[in-house]
Each structure stands twice: as C-alpha cells, then as structure tokens.
Enquirer: 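Provided herewith is a single structure, encoded as structure tokens, for subsequent inquiry.
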Amino acid sequence: MNVTQYYRSLDWDTITTNARMTHALHNLCSSNIILPPGTSRLLILCLNFCIKTPYPNINIKTVIDQFTKDVRNLNFWLNKEDDGEERKYIPELYVKNEEWNPPHASAEIEAAIKRFARALRQEHKAYNHQWSRPNITQQQRHLLMYLKNHPILIILASDKNLGPVIMERTVYIQRCLDDFLAKPTQYDRLTKQQVGATSRKISYAYQKFHGSTHSASICPEIQAFFHRTEEKYGDNIARFRASPKVHKSPWNLRPVIAKCGTTIEGLSKWLDYELQKLRHYIPSYIKNSYEYHKKITSRKWPAGTLLFTADATAMYDNIDIDHGIKSVKLWLDSLREELPNDFPPTDVIIEALDIVMRNNVAQFGDCYFKQLCGTAMGTSVAVIYAGLYYAWHEKTKLLPTYNRFILDLSRFVDDMCVLWLGSYSDWLDFQRDMNDYGKLRWTSGRTSNRVIFLDLEIMISEDGVISTKTYQKPQNLYLYIPPHSAHMQRMMAGIVYGELKRYNWQCTDRRDYVDIVGKFFNRCLKRGWELKHLKRIFLEAENKLSNHERLPLPSSIDQQDPEEQLDQELNTRDRLFLKVPFHPNYIPRQRIREIYRLECEEELRQHVGVERFIIAYSRPPNLGDILTRSSLYQVRGEEVSTFL
C-alpha cells in the first residue's frame, strides 16, 4: 500500500480504535507529589500552544509607525547618493541603531502612506473589539498563572524537544547546584560586590580590545557593532538554567546559560562569524544529518565495512581553556596563507577568545557564578570553538594514524560516526588514541552493521551498501500543535510538508517511509485535527513531493557564488513588510492586501521600487513563554542561596 492509498483507506472506525490519549508530560516528581487538577489537560496542549485572547487588542499605532518607518527607510537608501565609500554589511553582526529615523519621503509617498494608514485604521476599528471565544478555559488560565510561580513544582522544556517536564522546584535547584554550580573546580560563587567588579573588568577589557589595542585591525562596521552592543546591553548578566535529559537513564540535566542580551556576547558573535570560515578545513565537519546522509549514501563502501558511534562526555566542561585556545591558534597558524585577506590577525582572535572563555558570569536565582574551566556555556562561538578543538586531534593524530581503517569519520559537535574497516585490536587502539587529547573523554559503541546517529538509523549490508530510515527517541511525546492553537491556518500544512520531506530523504526503503508517515498521520489525529482536513494537507504534501521526487535541498549560502549572494541581498530591497501581531479574528490577510493595493501599491512601486508586499505576523504568547523562563522564580525561604 502506498501513502496515498493509506490516507484514503482511513475511516472514523480506524480513528476511534487508534485515538488514545497522548502522554502530556514527563513527570519527574516523587511518587507522593500530586499534581494540581487539570495539569495534564493543560500541558497536553504543548508548550508551543499559542493563547487566543477574547479580543485582538492590536496596537495599530505601533503597526503603522513601523510601516511608515520601513517605507521611508527604503526610500532613503534608494535615493542616497553614492559617496564612493565602500561599506560592508554583515547581517549576523548588525545591531539596529534605534535612535536613527529616516527622513520624510516625497509628498507622493507620504500621501500614499497616509491613505494606507487611514484605511487600515478604519478596518482596525471594525475588528479590534469584536469578542471571540478564547482557546483555553478560565480554569486553565487560572491554572497557567498558578503553575507559573508554583511554590513546589517547576515546568521545564526537555532536552531534544521531547515534551514538557514537571519536577519539584527544590530538586531542580539542588541538582543544578550539585551537578554544576556548586562544584568548586567548575564554578566560583560571586558576591554582588564581586559581580560589579567583574562586570567593570569585562567592560574595560571589551572597550580596550576594540577601542585601542586592536582598533587598526577591526573594520569600522565591526567597531560600530561592538559600540552598539555595549550601549544596548550594558552590564546585563546572563541567566543559568538547565534542561532535563529525559532520554537518558537515569535522567540528568544539560546546563544552559542564556548569553543573549549581554555585552560580551557581541564579542562571541564576532568570533563565531570569523571562525566559521575555518569549518570547511575540518575533515570531520558535517552541517546536519541531511548533508551526512548524502555523503554516506552517494557511494558503495568496501565489503566488510562496519559502523560505530562515539559520544563525548560533557564536551564543553572538559575542554581546558588553555588547551582549547592553543588548538585554535594551531589551526590559525596552519591556515594563515589560505584564509581571506580580511581575516583578523591571529593575536586578535586569540585575545578575544581569552576574554570570552574566562569571563562567563551567570545568575541563578539570587546567586551569581563565574565559570572557571571549560568552554564558556551559552556563547555563540562555543560550537565552532569546540569543533576546532577536537578537529586538530583528528587531523594530526587520528586520521593519519588510522587512515587505513577509517573510510569516513564525521562529527556533529560531540557526536561522532565512523565507517570502519579494521580489526578489533585496531579499534581498541583507536579508542585509546581517541581519548588521548586533554581531559575530553569519549564513550564509544562496538562496531556494528546498524547504528543510531543524530536522527538517522543507519544500516550497512555485507557488500557495503548503506540504507537509512528515520530514528525517533522512544521518550518523544509527539505533542504537535493542536488545531485550536492561535496559529495561522496554513501552519499545519507547512509542518506536514516539512516532516514528509524529511522522512522522504531519510527512508531508503519506501515501506519505512509509508510506515513513519502513517504514524505521523495518526499522531496528528490524536492531537485533534479533523480526518478530512488532514487527508487533504497530507495528500497536497505528497503530491508536491512526488513532483520534486528526491530533489536535493536548496544549496546553502556557503555554496553560492558571491555575485549570486549579492544579487539576493539587493533583491531584498524591493520587499516591504507590514509587521502585525497575529490573532485569528483580526483583519484577514486578503483584506489587508486589498487595502494596500487600492491605497498605495502603485505609488510605492513607482517611487520606492516595492515589488513585493509581505504581511509578517508575529505569534501570540504561548504556554512556554509563561511557564518556562530563563529567570528562576524563588519561593521565600527557599532561595538558591539557602541551598548553599
């Protein structure tokens, strides 16, 4: 039976048989803890469930002011005279200058803006105060607020997006301290006075780095980025939290430090932007599972080839700072002749890394901690830094020593997969040498003809043919967004197409594809989607895939020709966005487009060059925004400091 036949064969009897209640959460509480009534019914909605308010309550002034500013901005740059100065635009390192406002446009453009604004306001009045039924009950709303600051329980998002987790607040705090923050070799607790002194020290080092010491080596655009980052974020302190790894037995925590919104993160983002240019020199580098799948299935391997995987133990914690920075320096020195001419000098990169890695401060509850060893958690540069660190060992030791046995060695940060053609004793030698680099240690599986790597189950036949299929963790709750979430109507169609597209390339055998799609279909039914609606969007996705059967994904930006990249950047200047908060009962998209077409489309096309008008919706708050926050709520008398 093919996929289309599967959908068409389904009837309501099948649904009744298969539809049983999905597990709502991972309950890590003690057996004597009773959850508040209705907790499961609330959390089964999923943390991405968007809350619909009775009234849209859209701030139309904010919408129109932003639209006006965007039109004037397009007009300003279109008509700006070329001063002959070459400017470098780096999207990854752009911080908007909030104080700058573009000048007014011509009379024709301003008149068009006013007409559009007037018509939109009129339509807004008709929709903004119309009542509609909320998508959660009053009892669920009260429970939501109660759970937000519950004195005993805390709700968290699980690692690997496997569903919501509920556990005792005191257990969560104690585990965060015992596993990470209270370890004297890993973190140092700071007083408020020490935090202030450390912040001043970081600020001084940051300013000195880009303002005097290396100002000649840093281009004006990067200098502006550093200045604006410091002005915007000042002395903000990062927040510590942890995500439960429910797929591990026993469960443990993954530490997370939210560095976004801190000054030093600006330096880390710049480092990440520069060091990403080295990733193509890493022999084991893979961008994602799709790239790895394409690499290993595009050829036949020698008969007798086996597979094994390895997982680094607490990779970030076990990269000594001095050793890590030294490894990056070795990379930079070895590639100096091959790097772009505008790549920063080695000493500039090394000093910036030193500042980022040695000044990682985070707040947890009412306490402050400074990381003493390992890769600075939560920083943008952490992934490429850790990748370069171990890649030097791969390049200089593992691959040259075992090139007779290693047919392919690929690594995604701390997960490794190897195609191996060697004896057991050779494999044991490889294990020894794999663990002979600093403090970092790897746990490796035995060689086999079947392994799990990332989201793939990989099999290799005796004659060297690789096949794959989709792998999903048993702990996944599959809490797909239900139909009454305040999302756009076509949202589910996009999710279905994305999932089917992924299953399509992951599953070598068509039977595996049909099987996983059938499971996905039934999981969506259990989430409350109507059979008829699901059949339609699944068939649409299947037809779309059939028309583009196994086409490769669009080439990444890295593979594009530089002129093609420039053309794409320039083409974005013909787009105009109207940014609107989404509400299911607000002005329909088609009506907004009609207003734009009638009131200002022709003038903006003629005078500003706008060819595409795009309505960009921002989503409403979801359950996760309310229940899972980076800042820790503390019960009086049970602050973090009382646990130390």
Side-chain angles (χ1 to χ4, degrees), residues 45-75 96 98-102 104-105 109-138 140-142 144-145 148 481-495 572 575-601 603-604 608 610 612-629:
L45 296 175
C46 84
L47 295 177
N48 290 328
F49 180 89
C50 287
I51 301 167
K52 177 189 170 189
T53 54
Y55 300 95
N57 289 329
I58 306 297
N59 188 332
I60 193 63
K61 183 180 183 301
T62 302
V63 172
I64 290 173
D65 286 351
Q66 185 61 56
F67 175 81
T68 303
K69 186 175 181 178
D70 290 346
V71 173
R72 290 172 179 168
N73 195 39
L74 285 172
N75 178 71
K96 187 185 291 185
E98 301 291 351
E99 296 179 1
W100 182 81
N101 285 302
H104 281 51
I109 296 171
E110 292 294 330
I113 293 172
K114 287 180 180 177
R115 290 196 305 272
F116 176 75
R118 184 168 54 247
L120 194 63
R121 281 194 184 97
Q122 283 296 115
E123 206 70 24
H124 168 80
K125 288 178 183 177
Y127 282 90
N128 201 43
H129 299 295
Q130 285 188 3
W131 185 89
S132 59
R133 188 178 298 279
N135 59 358
I136 60 173
T137 65
Q138 194 68 27
Q140 286 177 318
R141 188 175 293 276
H142 289 318
L144 186 61
M145 294 302 108
K148 175 183 176 181
I481 295 170
H484 60 298
S485 175
H487 279 82
M488 295 178 61
Q489 279 188 332
R490 293 293 297 170
M491 171 274 307
M492 193 59 187
I495 291 176
T572 61
R575 300 175 191 170
L576 176 62
F577 293 87
L578 179 71
K579 304 175 179 91
V580 186
F582 180 74
H583 190 281
N585 296 99
Y586 193 53
I587 310 171
R589 180 198 294 263
Q590 295 83 352
R591 179 57 185 148
I592 296 176
R593 287 191 177 280
E594 185 182 0
I595 293 171
Y596 176 80
R597 181 180 59 81
L598 293 173
E599 303 297 343
C600 62
E601 182 177 47
E603 286 83 355
L604 297 186
V608 188
V610 175
R612 294 185 62 193
F613 174 62
I614 300 170
I615 303 167
Y617 288 108
S618 57
R619 66 164 176 81
N622 61 29
L623 298 189
D625 296 331
I626 297 170
L627 295 173
T628 61
R629 298 169 296 169

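Given the structure is predicted, the values throughout are model-derived calculations rather than measurements.
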Enquirer: Can you list the residues that meet the salt bridge (charged side-chain N to carboxylate O under 4.0 Å, His left out) rule with Arg133, with sequence neighbours excluded?
Expert: none
Enquirer: With a 4.5 Å cut-off on side-chain heavy atoms, are Asn622 and Cys46 touching?
Expert: no
Enquirer: Should we say atom CD of Gln489 is surrounded by more than 12 heavy atoms from elsewhere, each under 6.0 Å from it?
Expert: no
Enquirer: Say whether, by atom type as modelled, one donor and one acceptor occur between the side chain of Asn135 and the main chain of Cys50 under 3.5 angstrom.
Expert: yes
Enquirer: Taking all non-hydrogen atoms of both residues into account, name the closest pair between Arg575 and Leu74 and its distance.
Expert: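 Answer, listing the atom of Arg575 first, then Leu74: O-CD1, 3.6 Å.
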Enquirer: Got a donor-acceptor contact below 3.5 angstrom from the Arg115 side chain to the Glu599 backbone?
Expert: yes
Enquirer: Report the residues that fulfil side chain to side chain donor-acceptor pair (under 3.5 Å) with Asn73, sequence neighbours left out, ordered by chain and then residue number.
Expert: Trp77
Enquirer: Can you check side-chain contact (heavy atoms from CB on, under 4.5 Å) on Ile51 and Leu623, steps first, answer last?
Expert: CA-CA 7 Å; Ile51 301 167; Leu623 298 189; 3.9 Å; yes
Enquirer: With sequence neighbours excluded, what pairs up with His484 under the ring pair (Phe, Tyr, Trp, His ring centres under 6.0 Å) test?
Expert: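 Scan of His484 (ring pair (Phe, Tyr, Trp, His ring centres under 6.0 Å), adjacent residues dropped) gives Phe49.
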Enquirer: With rounding to the nearest 0.5 angstrom, report the CD1 to NE2 distance, Ile136 to His142.
Expert: 10.0 Å
Enquirer: Rounded at 0.5 Å granularity, tell me how far CD1 in Ile615 sits from CZ in Phe577.
Expert: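 If we round to the nearest 0.5 Å, Ile615:CD1 and Phe577:CZ are 11.5 Å apart.
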Enquirer: Just by modelled atom types, is the Ala126 backbone N or O under 3.5 Å from a matching donor or acceptor in the Gln130 side chain?
Expert: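 Indeed, once roles are kept as given, a pair shorter than 3.5 Å links the two residues.
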Enquirer: Can you tell me how far CG of Asn585 sits from CH2 of Trp131, rounded to the nearest 0.5 angstrom?
Expert: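 The distance works out to 10.0 Å.
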Enquirer: Hey, are the side chains of Val71 and Val610 touching, using non-hydrogen atoms and a 4.5 Å cut-off?
Expert: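 They are not in side-chain contact.
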Enquirer: Does the side-chain contact (heavy atoms from CB on, under 4.5 Å) test come out yes or no for Phe116 and Ile64, once each step is laid out?
Expert: CA-CA 9 Å; Phe116 176 75; Ile64 290 173; 5.8 Å; no
Enquirer: Can you measure from CD1 (Ile614) to OH (Tyr596) and round to the nearest 0.5 angstrom?
Expert: 10.0 Å
Enquirer: Which residues pass the side chain to side chain donor-acceptor pair (under 3.5 Å) test with Tyr586, not counting sequence neighbours?
Expert: His124
Enquirer: Not counting sequence neighbours, which residues clear side chain to side chain donor-acceptor pair (under 3.5 Å) with Lys579? List them please.
Expert: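 Partners of Lys579 by the side chain to side chain donor-acceptor pair (under 3.5 Å) criterion, ordered by chain and then number, come out as Asp70.
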Enquirer: Kindly give the heavy-atom pair with the smallest separation between Met491 and His487, and that separation in Å.
Expert: CE-CB, 3.6 Å
Enquirer: Applying ring pair (Phe, Tyr, Trp, His ring centres under 6.0 Å), name anything that partners His583, two or more places apart in sequence or on another chain.
Expert: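 Expected list: none.
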Enquirer: What distance do Ile60 atom CD1 and Ile587 atom CD1 have between them, rounded to the nearest 0.5 Å?
Expert: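 Rounded to the nearest 0.5 Å, the CD1-CD1 separation comes out at 5.5 Å.
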Enquirer: For the CG atom of Leu144 and the OG1 atom of Thr137, what is their distance to the nearest 0.5 Å?
Expert: 10.5 Å
Enquirer: Would Asp625 and Arg619 satisfy side-chain contact (heavy atoms from CB on, under 4.5 Å), going step by step from the backbone distance to the final call?
Expert: CA-CA 11 Å; Asp625 296 331; Arg619 66 164 176 81; 2.8 Å; yes
Enquirer: Under a 4.5 Å cut-off applied to non-hydrogen side-chain atoms, are Met492 and Ile481 in contact?
Expert: no
Enquirer: Determine whether a donor-acceptor pair (N or O, by modelled atom type, separation under 3.5 Å) exists between the side chain of Asn75 and the backbone of Val608.
Expert: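 Side chain of Asn75 to backbone of Val608, a donor-acceptor pair under 3.5 Å: no, none is there.
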Enquirer: How about NZ on Lys69, more than 12 heavy atoms from neighbouring residues, nucleotides or ligands closer than 6.0 Å, or not?
Expert: yes
Enquirer: Are more than 12 heavy atoms, taken from residues, nucleotides or ligands other than Arg591, located less than 6.0 Å from that residue's CZ atom?
Expert: yes
Enquirer: Identify the two heavy atoms, one from Tyr617 and one from Pro588, that lie closest to each other, and give their separation to 0.1 Å.
Expert: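 Result for this residue pair: OH-C, 4.5 Å.
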Enquirer: Determine yes or no for a side-chain-to-main-chain donor-acceptor pair under 3.5 angstrom, with Asp65 supplying the side chain and Thr62 the backbone.
Expert: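 Pair absent, no side-chain N/O of Asp65 close to backbone of Thr62.
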Enquirer: Does the Arg593 side chain pair with the main chain of Phe613, one donor and one acceptor, at a distance under 3.5 Å?
Expert: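 Yes; judged by distance alone, with no hydrogens or angles, the pair exists.
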Enquirer: Would you indicate whether the side-chain heavy atoms of Ile595 and Gln122 approach each other to under 4.5 Å?
Expert: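 Result no, sub-4.5 Å side-chain heavy-atom pair not found.
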